[in-house]
Amino acid sequence: MSDGQAAAPQRGPLARLIDTRPGEGPALAWSWAYIFSILAAYSVLRPIRDQMGVAGGIKNLPWLFTATLVGMLALNLPFAWLVKRLPRARFVPLTYRFFALNILGFAAALYLAPPDWDVWIGRVFFIWLSIFNLFVVSIFWATIVDVFTNEQGRRLFGFIAAGATLGAIAGSATTAGLARNVPNWGLMLCAVVLLEAAVFSMRGLARLAQQLHEVPGGGNEGTTRDTAIGGSVWSGITRTLASPYLLNIALFLLLFSITSTFLYFEQAGIADRSFKDQQSQTAFFASVDLAVNVLTLGVQLFLTGRIVGRLGVAATLAILPVFSVFGFAALVYAPTIGVIVGFQVLRRAGNFAIARPIREVLFTVVPREDRYKAKSFIDTVVYRLGDQAGAWSFTGLGALGLGTAGISGVAVPLSILWLFNSLWLGRAQERRRAAPE
């Protein structure tokens, strides 16, 4: 090396593992704390929801999914109004604290209400948590997409998602360990504390957003400025319907949700047939979640970034649809409990570790208004529309006499359609990245 040639800065083993660049570490840490808190809160509550859904009767689940869709539609407009009028630093904490107050209300109802009210409280809670989950996670990823660039997203979103997995592991382990001794209302109070930790972490990330570099060429220009976005409260819907790119993201989520609902109903039926008391059902659902999250974490930490870097966005998006084609085909020929649970665990892990992080990269090449409004509409209403379609389709197919094998046979062509949609989306994202609008 010549005297005038500067030595390249040495990168530590962690930086090489994650592929971070100078200045990104603190923002990654706050992102981890942020999503850890959200997923820990949700994972404390999810087994309670699943047990309450079973207690309310498997036959009533389609109606609960219908009510969830109505709730999503009702909540999207006031959220869009907040996004229009307030900067991110205000509308995100307001949204999370609104949900925290809701949790306190449910805890008080379970503590104070007579036992014969539990079924109806459980049904309302099932609907509420199905809304809560999608909204709080969608807001997190909208914030992350708003702060990090497309190039950073391809490198870092998988690692950021690992923070979600650790939070989910912590929440699932907490509920699995305490469910037999701590009442559900007591577990709910833990979720309130975790949501406040998410608000604290979001503000820490917001303070660092200005330090992250802007994307050359306009991809994320201006996104570090925390200003009110403006626009119409209806633009999340209208801009989605007007854009082939956003419509195909919506189709991706719709097909994922329909097929996921088929598997969810099969799992709920297994729990109802196998476990007769509420505590055992709650512990079963928490144990499944724990298995999913442990598997997901290993992939996120060591494989997701490398998979995206080697295969690109299109092929990476296609991994979960391809796996679903083979998984449902396996259920056609071997509709056993072991295959259902194994497929569910592997599919959910593939979604969290690979499909979800790379799907968020799709939003890094759209205008800032779409990152909050259109993304919220797609992540919540469209997702729950898929739940709705999946729930009633499952019920209708069952009424026609189809069992697990027959319903899985219907899911195979849906998964093939999802595969072609994934490949189109990945290529469209690359075109937008090369020539952003």
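Considering only residues two or more places apart in sequence or on other chains, F394 meets the ring-ring contact (aromatic ring centres under 6.0 Å, His included) condition with F265. For V193, there are no side chain to side chain contact (heavy atoms under 4.5 Å, CB included) partners two or more places apart in sequence or in a different chain.
The CD1 atom of I38 sits 10.5 Å away from the CG atom of L194 when rounded to the nearest 0.5 Å. Rounding to the nearest 0.5 Å gives a distance of 13.5 Å between OG of S37 and CE of M202. Atoms OG1 and CD1, from T174 and I169 in turn, are 11.5 Å apart once rounded to the nearest 0.5 Å. Here R348 contributes atom CZ and Y264 contributes atom OH; the two are 10.0 Å apart, rounded to the nearest 0.5 Å. Taking OG of S138 as the start and CD1 of I378 as the end, the distance is 9.0 Å to the nearest 0.5 Å.
The six-membered or imidazole ring of W141 lies away from that of F363, with a centre-to-centre distance of 6.0 Å or more. In this structure, W32 has its ring center at least 6.0 angstrom away from the ring center of F36.
Of all heavy-atom pairs spanning V365 and Q429, the tightest one is CG1-OE1, 4.0 Å. Annotation for A318 and L419: closest pair CB-CD1, 3.5 Å, computed over non-hydrogen atoms. Closest heavy-atom contact between L331 and S408: CB-OG, 3.2 Å. Closest of all the heavy-atom pairs between A391 and T261 is N-CG2, 3.5 Å. Closest of all the heavy-atom pairs between P357 and A161 is CG-CB, 3.7 Å. Minimum interatomic distance between A191 and I103 (heavy atoms only, all atoms of both residues): CB-CD1, 4.1 Å.
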Should Y42 and L129 be marked as a side-chain contact (heavy atoms from CB on, under 4.5 Å) after you check the CA-CA gap, both sets of side-chain angles, and the distance that decides it? CA-CA 8 Å; Y42 170 64; L129 191 66; 3.9 Å; yes
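The side-chain heavy atoms of T165 and L39, taken from C-beta on, include no pair separated by under 4.5 Å. Side chains of L247 and L241 form a contact here, defined as non-hydrogen atoms less than 4.5 Å apart. I35 is not listed as a side-chain neighbour of I144, based on a closest heavy-atom distance of 4.5 Å or more. Using a 4.5 Å heavy-atom cutoff, the side chains of V382 and I249 are not in contact. Taking the side chain as every heavy atom from C-beta outward, T364 and F157 approach each other to under 4.5 Å. R431 places none of its side-chain heavy atoms less than 4.5 Å from the side chain of Y245. Taking 4.5 Å as the limit, every side-chain heavy atom of L254 sits out of range of all side-chain heavy atoms of W418. Between R239 and K373 the shortest side-chain heavy-atom distance does not fall below 4.5 Å.
At a cut-off of 3.5 Å, with distance as the only test, a side-chain donor of W128 or N102 sits close to an acceptor on the other residue. A donor and an acceptor atom, one from each side chain of T259 and R347, are located under 3.5 Å apart.
Judged by distance alone, the side chain of S201 and the main-chain N or O of A197 form a donor-acceptor pair under 3.5 Å. Here the side chain of N248 pairs a donor or acceptor atom with the backbone of P244 at under 3.5 angstrom. Side-chain atoms of Y96 come within 3.5 Å of backbone N or O of V136 as a donor-acceptor pair.
Residue pairs meeting the salt bridge (charged side-chain N to carboxylate O under 4.0 Å, His left out) criterion with at least one partner in residues 93-110, sequence neighbours excluded, are R97-E196.
Using a 4.0 Å cut-off between charged nitrogen and carboxylate oxygen, D379 and R384 do not count as a salt-bridge pair. With respect to the salt-bridge test (charged N to carboxylate O, under 4.0 angstrom), the residues E360 and K375 qualify.
Using the six-membered ring where Trp is involved, W30 and F200 have ring planes that are perpendicular, over 60° apart on the 30 and 60° scheme. Between F343 and F328, the ring planes are perpendicular. Angles over 60° get that label, and only those under 30° would be called parallel. Using the six-membered ring where Trp is involved, F256 and Y383 have ring planes that are tilted, between 30° and 60° apart.
A ring-ring contact (aromatic ring centres under 6.0 Å, His included) with Y372 is found for exactly one of F79, F135, F140, F91, namely F91.
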